[in-house]
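Everything numeric here is computed off the predicted structure, so don't read it as measured data. Numbers restart at 1 for each chain; the letters A, B, ... are given by sequence-line order, proteins then strands.
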Number of protein chains: 2
Amino acid sequence: MIQTSPPPPKRPPARERILAASLEQMRRYGYAGTGIKAILVAAAAPFGSLYHHFPGGKEEVGAETIRRGGVAYRELVEAFYVDGADLGDATQTFFDEAAAFVESTAFVDACPIATIAGEIAATSDTMRQAADEAFESWLRVMERQFVAAGIDVGRARELSVELFCAIEGAFLLARTSHDAEPIRTVGRAVARSVREALAGARVPVG
Amino acid sequence: MIQTSPPPPKRPPARERILAASLEQMRRYGYAGTGIKAILVAAAAPFGSLYHHFPGGKEEVGAETIRRGGVAYRELVEAFYVDGADLGDATQTFFDEAAAFVESTAFVDACPIATIAGEIAATSDTMRQAADEAFESWLRVMERQFVAAGIDVGRARELSVELFCAIEGAFLLARTSHDAEPIRTVGRAVARSVREALAGARVPVG
DNA sequence: TACGAACTAGATTGATCGATCTACTAGTTA
DNA sequence: TAACTAGTAGATCGATCAATCTAGTTCGTA
């Protein structure tokens with residue numbers, strides 16, 4: 001028997017492993033608090049591979065890490081804000097599950113990229129832009145659903161911004177206070193705002 | 001003429017200078033991204049002084065830095081939320097002036113301790129607790145004024161949490177997007193919530 | 001099969017890191 | 001004035017840092 005196709009790889013390629021490890025490290029310890037060596041140890045990858053795949057060095061790894069984390073969270077947001085969903089309930093559920101998640105990680109993990117973003121906002125324009133784009137992509141997901149539900153474009157944007165700011169602020173407070181209640185608190189407030197906006201929209205579709 | 005009291009010091013003592021420099025450095029570059037040497041250069045202070053005044057080392061400097069930044073911002077919050085102030089207007093003004101401030105620093109500075117707090121939340125319990133206490137002190141300022149205006153204690157707490165989360169989330173978004181509008185957006189939303197809570201409270205005093 | 005490109009591997013480099021250390025200065029008190 | 005304490009000054013230390021480098025392996029193509 002001749003094996004004509006190679007067996008599936010036992011593990012992801014080094015580049016993927018590096019990014020996954022980088023995200024785990026940087027979300028908790030920040031950009032400057034994460035060393036290249038720690039990433040490589042976690043990724044089981046060599047120094048040469050990192051600089052081969054990311055010739056821009058640590059900053060390039062950081063920017064890709066932000067993009068990767070941003071895409072993952074956008075997909076999470078999309079899982080709550082599905083087409084046709086009750087947006088008030090979706091919002092409530094989103095915050096309640098965020099609270100449960102933060103608790104389940106013993107208040108270590110919350111937003112995958114906020115810690116990095118806050119840290120590099122003043123020092124790396126490459127990474128700042130990656131974070132800006134990631135956040136914007138989340139806002140767009142929510143905004144699109146609000147508009148589809150009949151809320152006017154301006155109000156949809158405002159709601160999305162309010163929701164984003166609420167969750168990010170609550171993550172910070174939950175992580176420092178070791179209490180997930182602030183996330184639930186702002187979740188109720190935002191869900192109420194969403195429901196009010198929907199009621200004011202008077203959706204003409206059934 | 002005998003001078004019986006010493007002349008006022010030309011500059012603050014080293015300990016003060018170190019903390020002031022530390023706050024400036026850490027608020028922008030984060031804890032791990034700020035080196036001891038950079039603090040000392042900015043403070044015009046020697047290595048020996050730092051470890052003399054802060055035998056716990058960098059972590060102790062970080063914790064004191066958080067406390068110092070926390071007190072300064074609490075005083076700023078108190079300047080807006082004065083006794084007897086119209087709390088809806090105070091809230092609106094607070095956010096609008098926060099937006100103007102962030103703009104005036106070219107989106108470099110926002111909250112003095114959020115960047116540090118997010119970074120060390122998972123790695124230093126000493127500093128996490130300092131941040132927790134700082135944030136709690138801000139919440140208390142707002143909560144006290146809401147209660148004094150007749151809002152029930154539970155709702156006052158919620159409002160304070162909503163306000164805190166809104167401003168912190170908006171700071172993050174403003175710094176990454178280089179746009180202060182999100183601060184104004186959430187300011188309008190929170191001011192509206194405050195006004196609604198006040199209207200619902202039906203303050204019996206004139 | 002040979003060659004080139006892509007990728008892996010990990011040692012090495014000069015710089016920076018936080019902390020320790022020795023020595024000195026200044027201020028206070030008996 | 002001498003002794004002590006508080007504080008300043010900055011060199012030094014071992015460890016870690018990001019990046020470079022050399023060498024080897026793997027893969028794809030002609």
Side-chain angles (χ1 to χ4, degrees), chain A residues 2-23 25-26 28-66 116 119-120 123-124 126-127, chain B residues 2-23 25-26 28-66 116 119-120 123-124 126-127:
Chain A
I2 299 181
Q3 180 71 287
T4 60
S5 67
K10 288 195 164 74
R11 59 179 186 174
R15 190 178 190 279
E16 290 306 307
R17 301 198 313 273
I18 286 167
L19 284 177
S22 175
L23 182 55
Q25 297 280 321
M26 287 185 181
R28 293 179 199 176
Y29 310 123
Y31 177 73
T34 296
I36 294 285
K37 182 171 179 182
I39 296 173
L40 296 176
V41 168
F47 273 90
S49 287
L50 189 137
Y51 291 97
H52 171 82
H53 291 293
F54 305 98
K58 189 178 182 182
E59 187 176 21
E60 189 178 338
V61 173
E64 283 302 311
T65 297
I66 289 173
I116 313 171
E119 197 188 335
I120 52 76
T123 55
S124 163
T126 299
M127 291 168 75
Chain B
I2 299 182
Q3 179 71 292
T4 58
S5 65
K10 288 194 162 80
R11 61 177 184 175
R15 190 178 189 278
E16 291 306 308
R17 300 198 313 273
I18 287 167
L19 284 178
S22 174
L23 183 55
Q25 296 279 321
M26 289 184 179
R28 294 179 201 177
Y29 310 121
Y31 177 73
T34 295
I36 294 285
K37 182 170 176 180
I39 295 172
L40 295 176
V41 168
F47 271 92
S49 286
L50 188 137
Y51 290 97
H52 171 81
H53 291 294
F54 305 98
K58 189 177 181 178
E59 188 176 20
E60 190 179 337
V61 174
E64 283 302 309
T65 298
I66 289 172
I116 314 171
E119 196 188 336
I120 52 78
T123 55
S124 164
T126 300
M127 291 170 74

> What nucleic acid atoms does A45(B) come within less than 4.0 Å of, heavy atoms only: base, sugar-phosphate, or nothing?
Replying inline: nothing

> Looking at I66(B) and M127(B), what are the two nearest heavy atoms and their distance?
Replying inline: CD1-O, 3.6 Å

> Between CD of E59(A) and OG1 of T123(A), what distance do you get to the nearest 0.5 Å?
Replying inline: 8.0 Å

> When rounded to the nearest 0.5 angstrom, what is the spacing between CZ in R17(A) and CG in L50(A)?
Replying inline: 11.5 Å

> Between atom CD of E64(A) and atom CG of L23(A), what is the distance when rounded to the nearest 0.5 Å?
Replying inline: 12.0 Å

> Once you round to the nearest 0.5 Å, how far does CD of Q25(B) lie from CD1 of I36(B)?
Replying inline: 11.0 Å

> Between dG10(D), dT8(D), dA18(D), which nucleotide gets closest to the side-chain atoms of F47(B)?
Replying inline: dG10(D)

>> What's the separation between atom CE in M26(B) and atom CD1 in I120(B), rounded to the nearest 0.5 Å?
In response: 10.0 Å

> Does H53(B) make a side-chain N or O approach to OP1 or OP2 of dT8(D) shorter than 4.0 Å?
Replying inline: yes

> So what is the end-to-end bend of the helix from dT1(C)-dA30(D) to dA30(C)-dT1(D), with 5 pairs used at each end and the value given to 10 degrees?
Replying inline: 0°

>> Can you give me the first and the last nucleotide of DNA chain C (5' to 3') that has an atom within less than 4.0 angstrom of a non-hydrogen atom in chain A?
In response: dA6(C) to dA11(C)

> Whole Å only: how far is the NE2 atom of H52(A) from the C1' atom of dG24(D)?
Replying inline: 14 Å

> What distance separates R15(A) CZ from H52(A) NE2, expressed to the nearest 0.5 Å?
Replying inline: 10.0 Å

>> Check whether K58(A) reaches the backbone of T34(A) with its side chain - one donor and one acceptor, N or O, closer than 3.5 Å.
In response: yes

>> Students often get this wrong, so: under 4.0 angstrom with heavy atoms, is G57(B) touching a base, only sugar-phosphate, or nothing?
In response: sugar-phosphate

>> From OH of Y29(A) over to P of dC17(D), roughly how many Å is that when rounded to an integer?
In response: 13 Å

> For the pair made of OH in Y51(B) and P in dT12(D), what is the distance, rounded to whole Å?
Replying inline: 17 Å

> To the nearest Å, how far apart are L40(A) CG and dA19(D) P?
Replying inline: 12 Å

>> Just the rounded figure in Å: distance from P of dG7(D) to CZ of F54(B).
In response: 11 Å

>> With heavy-atom distances below 4.5 Å as the criterion, would you say the side chains of E119(A) and Y31(B) are in contact?
In response: no

